[in-house]
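Encoded as structure tokens, the structure appears first; notes follow it.
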Amino acid sequence: MEKKSCHLVMSGSLQPVDCSMPGFPVLHHFLELLKLTSIKFVTPSSHLILRRPFLLLASIFPASGSFPQETMAKMEVKTSLLDNMIGVGDMVLLEPLNEDTVIDNLKKRFDHNEIYTYIGSVVISVNPYRSLPIYSPEKVEDYRNRNFYELSPHIFALSDEAYRSLRDQDKDQCILITGESGAGKTEASKLVMSYVAAVCGKGAEVNQVKEQLLQSNPVLEAFGNAKTVRNDNSSRFGKYMDIEFDFKGDPLGGVISNYLLEKSRVVKQPRGERNFHVFYQLLSGASEELLNKLKLERDFSRYNYLSLDSAKVNGVDDAANFRTVRNAMQIVGFMDHEAESVLEVVAAVLKLGNIEFKPESRVNGLDESKIKDKNELKEICELTGIDQSVLERAFSFRTVEAKQEKVSTTLNVAQAYYARDALAKNLYSRLFSWLVNRINESIKAQTKVRKKVMGVLDIYGFEIFEDNSFEQFIINYCNEKLQQIFIELTLKEEQEEYIREDIEWTHIEYFNNAIICDLIENNTNGILAMLDEECLRPGTVTDETFLEKLNQVCATHQHFESRMSKCSRFLNDTSLPHSCFRIQHYAGKVLYQVEGFVDKNNDLLYRDLSQAMWKAGHALIKSLFPEGNPAKINLKRPPTAGSQFKASVATLMKNLQTKNPNYIRCIKPNDKKAAHIFNEGLVCHQVRYLGLLENVRVRRAGYAFRQAYEPCLERYKMLCKQTWPHWKGPARAGVEVLFNELEIPVEEYSFGRSKIFIRNPRTLFKLEDLRKQRLEDLATLIQKIYRGWKCRTHFLLMRKSQIVIAAWFRRYAQQKRYQQIKSSALVIQSYIRGWKARKILRELKHQKRCEEAVTTIAAYWHGTQVRREYRKFFRANAGKKIYEFTLQRIVQKYFLEMKNKVPSLSPIDKNWPSRPYLFLDSTHKELKRIFHLWRCKKYRDQFTDQQKLIYEEKLEASELFKDKKALYPSSVGQPFQGPYLEINKNPKYKKLKDAIEEKIIIAEVVNKINRANGKSTSRIFLLTNNNLLLADQKSGQIKSEVPLVDVTKVSMSSQNDGFFAIHLKEGCEAASKGDFLFSSDHLIEMATKLYRTTLSQTKQKLNIEISDEFLVQFRQDKVCVKFIQGNQKNGSVPTCKRKNNRLLEVAVP
Ligand SMILES: Nc1ncnc2c1ncn2[C@@H]1O[C@H](COP(=O)(O)OP(=O)(O)O)[C@@H](O)[C@H]1O
Ligand SMILES: [Mg+2]
């Protein structure tokens, strides 16, 4: 097999493909299938061998043979309307064909969000009343440059077809959109325009043209649309827009024609409906400034012309729309002053409605009216620049001019109101026409080159109300004309195709509504002609006379009925009221009230009013009423509304006939403007009058389905061996072979020049079924091969892997085994070595033990020998000696050790080594005691005699006062100095020194407590060997002298104070004044020294009493000295106070 490669274009990537693989024979099937089912290839040659596609196909062809969505999105898809149809996409395929199946089909599709259905090339659109995601830019791309039947039905397909045949085949197009009010015509027209705008050329200039064309819509909708009971945004005018293109298909500009604005709405609206949007938008959206300028108020209820019950429309933001409209006006090219003028006119119309009249009787008996409140009139005049008196007069008088004669009559109240409303209506409708012209001026193509034209007609649909008047009559007439042109053109096209394709034409029966058109428009006895005649006739003309006339002229017409018409089956039928006539339109019977026909047809505006308007200072208003110019006075009546309309319809029809028609027929699924509701009765009615069934019949008269040979062969070639996968001849021959092979009866099809015509849909469906089956078979085949290939590849991969794994495993297993053997060998070796070593060890041990045994035996033997020899020498004292020796050794060792361990020589060192043996316990303690005594002695030995004395005194003090007197601990650290006062050195005390011969033991200043009041005086306290002396501190004069033998006792408190009393022997010389009471800083020293001195001199122990309460002898009295805990107030000095005769209180802090 030759090895080749191809490039498959998928998602933009080019992938060379390997072709040396199994499954080659199915590749042709596969490639063809791919082409058919979806994917576009670049095929360099016919021998393509692919590998990737297999993978791809397997993943995208699950079992059923349909492609998943994402894959579809990535690939350029070539499909057919017939794929995945809900119901039938083209109603020519309906079988059986009747009204029920048509409606069922529409309903089924509607329920599945398929709002579009074809009848051949006609698009039927069912209003979904909710936004569907089918108008996105992606959808535009989907439908761009695709064949009409390639994708599911869509308004974009029709737009694309129209645009392409305009661009490529140079055929002018018109798109006729028809349907009831609220069926979605306006939306459809906008969709067509937006599609064309999206696909046609680009560039700054072109974009501006597009933008202007598109933005003309909001402006016209604001002024020409209103909320009605059927549609919140109902167009109250007919619109035909020619979009002009250059040879490249780039838009150049456009022309808009408007038809019959429903101007009666300006002054009166039916219940539940609104006036034109612009009024509400202006009042809601204008700034305060603008409102003031226009002399308006924001409140809707201020204006008689605005219906109040439905002033607000759900989901509509009037204020925002106002901004949109202003913006759109700017884009379209309105100058600021123009836009303002327009709003001024709107304001004027609104204010006109507020002018009210009251009757005023004149003397001559004529009724006359008067304006109730002139304020509003004044404001209108200011706004429009009209002279107030002129306008006021125009509302009160009517001037009829005839042959140079002028007759003025007064207007009564009713006439005045009529005049006011006529003015408002005229002003508004003329403003609207002016707007259309102004827009046309802006969007008009700038070049003079030949243009191609696409016309879009969005005209009010057929209307049947409870009360149908002149407007409905006119509208329905227009629809009749459209229906006629539809029938004509459809038939014509069909016939043309048959001729083109050289197929025999079979006559088709259908209802031709030409007869109804004739009833209305016939120039001699048509209803419109009669009306005009009646309007122009002199004499009294009323609606009734008009009806009478009709009754005479049209009586025999089979589509006309009235109570009086001769042929009426309802001659005595009260269901047909008086002053009414009924026309049997193609879409149903409509009963018209004749009331108002004449007036509306006349469309009369009193000349006084038009002249007043012409006189306005407001340029726009002036231009709207050219007939008001007295210089151009024209006595001829202006053409009636009816004849004007007829003429414009005729022009329109002529225009349409020159173009290639494309139809969009809109259907309203319910009357509630609600989504998801499909009212079969309502739809049935529309299906009937739109003549859809007839349309299908016409379309499939003879042949239901036709298709060009190429796509037909492409689609079905897999059904026959000769044509699959390639047919190498002309497509037609291929189709012939195919149809022969499939044994399709010859009467079921016909071969045209470029198309095959199939008579019955069932044949097509049979083909479709076969195709589907075959596709599945092919998919299965490819799946089968692919699965086989996949399994084999998988198997080969597994086998290869298995070999690799096995090799690796064997190596690993061998390695492991070797390791095992090696370690086993080592174990065995080590065991053997161990065993050998143990054996030798055992032998060696045995040998050693033998030797030891020999030695032991020898030693024992020697011992025995020696003991036997020496037993006689040391038997008796051996034990004692050994014991003593051992004990000696131990004690020796103990002492030697103790020598090293003795603690320091400080007497206060408490350390002592622990005892080594229990039996040495007492020794150890004794040794400790001895050591301590020794070191104390050593310590004492260091002292001089002086120091010794001091320590002795200190020891004495300790014995006397320790734990008895709180002052004692603080005295321990103070050395006893004795003579603090150095009397020898101080010359002041020379006399004192001379008076004392003995050695002075204490010389110190003390406080002597006054016995009477407890105050203290300083005294020098002197202690000699035998006496106690008190001297004046200043003079050194001796005040008292007491021999020590007279001192009996010393008393002091147990507390931390320096008070002490010296008790004297009763009766002695010194005791005349009583005992002494002192306080000193060195009490402990004094008392100790006194004690010691007394002891050494008198060999008697001095009594020292320590108590917190003791008695003292003062002269004759015994006074109790009591120590109490004093407060801190006096600081840390104890205070002494004589309380009474018997008590002296010392407060110790
Ligand atoms: N294709 C559509 N998708 C969504 N809503 C639609 C569509 N066509 C019509 N409608 C809805 O129906 C309303 C009436 O449509 P419109 O085109 O104004 O009706 P008509 O012009 O036939 O009176 C629109 O305002 C819109 O809400
Ligand atoms: Mg509309």
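Numbering of ligands and ligand atoms starts at 1, following listing order. Just so it is clear, the values below take in all heavy atoms, side chains as well, and ignore hydrogens, waters and symmetry mates. Values in this document were obtained by computation on a predicted structure and should not be read as measured data.
The nearest protein atom to atom 2 (C) of ligand 1, hydrogens excluded, is given as P128 CD, 3.6 Å; this is a heavy-atom distance. Given atom 15 (O) of ligand 1, the protein heavy atom at minimum distance is G184 CA, 3.5 Å. Atom 1 (N) of ligand 1 has Y135 OH, 3.0 Å as its closest protein atom, hydrogens excluded (heavy atom only).
Contacts between T186 and ligand 1 below 4.0 angstrom, taking non-hydrogen atoms only, involve backbone and side chain alike. Here K673 has no heavy atoms under 4.0 Å from ligand 1, in either its backbone or its side chain.
Salt-bridge annotation for K190 and E221: present, with a side-chain N of the basic residue lying under 4.0 Å from a carboxylate O of the acidic one. A salt bridge does not link K600 to D603: none of the charged side-chain nitrogens sits closer than 4.0 Å to a carboxylate oxygen. Salt bridge status for K312 with D317: absent, with no side-chain N to carboxylate O gap under 4.0 Å.
With no hydrogens or angles considered, a side-chain donor-acceptor pair links Q173 and S165 at under 3.5 Å. Defined by atom type and a distance below 3.5 Å, a donor-acceptor pair is missing between the side-chain atoms of R274 and N225. Donor-acceptor pairing under 3.5 Å is recorded for the side chains of N513 and E480. In summary, the side chains of E161 and N662 do not present any donor paired with an acceptor at a separation below 3.5 Å, with no hydrogens or angles considered. Using modelled atom types, one finds no donor on one side chain facing an acceptor on the other under 3.5 Å when comparing Y428 with N426. Defined by atom type and a distance below 3.5 Å, a donor-acceptor pair is present between the side-chain atoms of R236 and S234.
The main-chain N or O of R582 is never found under 3.5 Å from a side-chain atom of Q584 such that the two would form a donor-acceptor pair. A donor-acceptor pair under 3.5 Å is formed between the side chain of K210 and the backbone N or O of G201.
Partner E273 forms a salt bridge (charged side-chain N to carboxylate O under 4.0 Å, His left out) with one of K268, R230, R265 and no other, that one being R265.
Distances from ligand 1 to the non-hydrogen atoms of G179 include no value under 4.0 Å. Look at E180 and you'll find a heavy atom under 4.0 Å from some atom of ligand 1. The shell of residues lying under 4.0 angstrom from ligand 1, judged by heavy atoms, includes R130. Heavy-atom separations between N127 and ligand 1 include at least one value shorter than 4.0 Å. Contact between N233 and ligand 1 is present, with at least one heavy atom of the residue lying under 4.0 Å from the ligand. Not a single heavy atom of S234 sits closer than 4.0 Å to an atom of ligand 1.
For atom 27 (O) of ligand 1, the nearest protein heavy atom lies 4.0 Å away or farther.
Under the 6.0 Å distance and 45° angle rule, R665 counts as a cation-pi partner of F486.
Distances from atom 19 (O) of ligand 1 to the heavy atoms of I155, N231, T178, L132 show the closest one on N231. When the heavy-atom distances from atom 8 (N) of ligand 1 to E221, R236, K668, E187 are ranked, the shortest goes to E187. If you check each of A188, S131, S235, G182 against atom 20 (P) of ligand 1, the one with the closest non-hydrogen atom is G182.
Near Y129, meaning under 4.0 Å from one of its heavy atoms, ligand 1 places the atoms 12 (O).
Near-neighbour remark for the Mg ion (ligand 2): protein N, O or S atoms under 2.8 Å are T186 OG1, S235 OG; waters not counted.
A distance of 6.0 Å or more separates the ring centres of Y163 and Y195.
Backbone and side-chain nitrogen or oxygen atoms of L191 are examined, and none is located within less than 3.5 angstrom of a nitrogen or oxygen of ligand 1.
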